[in-house]
Asks: 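What follows is a single structure, and I will ask about it in a moment.
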Amino acid sequence: MNSVYQVNKGINQSLEFKGLKAQYIWYLGAGLVGLMIFFAVLYIIGVPSIICVAFIGSSGGFLVFQIYRMSNRFGQYGMMKALARKRIPKVVKLQSRGVFIKR
């Protein structure tokens with residue numbers, strides 16, 4: 001009664017798609033949806049289609065470049081850590097010692 005089990009070697013690995021890690025996949029998806037909506041708004045307003053395509057194409061290229069750059073620079077949790085590090089105060093100033101005196 002020997003059973004053969006396949007081992008899933010991707011357990012506890014971060015989600016990755018074509019080099020994008022974790023939350024950056026969602027950032028790229030949201031950015032592309034936003035660009036599609038912006039394209040529709042420009043087209044409905046009456047901006048010539050060649051200008052719409054050129055602007056959205058260049059903006060999309062810039063978006064993809066920036067998202068891949070952030071993904072490679074920060075990794076899965078690095079951006080959250082960098083944002084949290086910025087929120088730590090450099091100096092704590094107290095006007096009195098009353099905080100440290102037990103009452």
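It should be emphasised that the depicted structure is a prediction, and the values quoted were computed from it without experimental measurement.
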Asks: Okay, side chain of Y24, backbone of Q76: is any donor-acceptor separation there less than 3.5 Å?
Replies: no
Asks: Please identify which of these residues, I25, L32, L28, meets the side-chain contact (heavy atoms from CB on, under 4.5 Å) condition with I67.
Replies: L28
Asks: Kindly check if the number of other-residue, nucleotide or ligand heavy atoms within 6.0 Å of CG (L83) is above 12?
Replies: yes
Asks: Under the rule for side chain to side chain contact (heavy atoms under 4.5 Å, CB included), what residues qualify as partners of F38, not counting sequence neighbours?
Replies: L42, F55, I56
Asks: Check G60 against L35 and note the closest heavy-atom contact, atom names and distance.
Replies: CA-CD1, 3.4 Å
Asks: Check for me, please, whether I37 and I44 land in the same ILVMFWY cluster - side-chain distances under 4.5 Å, paths through other members count.
Replies: no
Asks: Roughly how far apart are L20 CG and N72 CG, rounded to 0.5 Å?
Replies: 8.0 Å
Asks: List, by chain and then residue number, the residues other than V4 in its hydrophobic cluster (Ile/Leu/Val/Met/Phe/Trp/Tyr, side-chain heavy atoms under 4.5 Å); write none if there are no others.
Replies: none
Asks: Could you see if Y27 belongs to whatever hydrophobic cluster contains M36? Use Ile, Leu, Val, Met, Phe, Trp, Tyr and a side-chain cutoff under 4.5 Å.
Replies: no
Asks: May I ask you to decide if the ring planes of Y43 and F39 are parallel, tilted or perpendicular, using 30° and 60° as cut-offs?
Replies: parallel
Asks: Between CE of M79 and CD of Q23, what distance do you get to the nearest 0.5 Å?
Replies: 5.5 Å
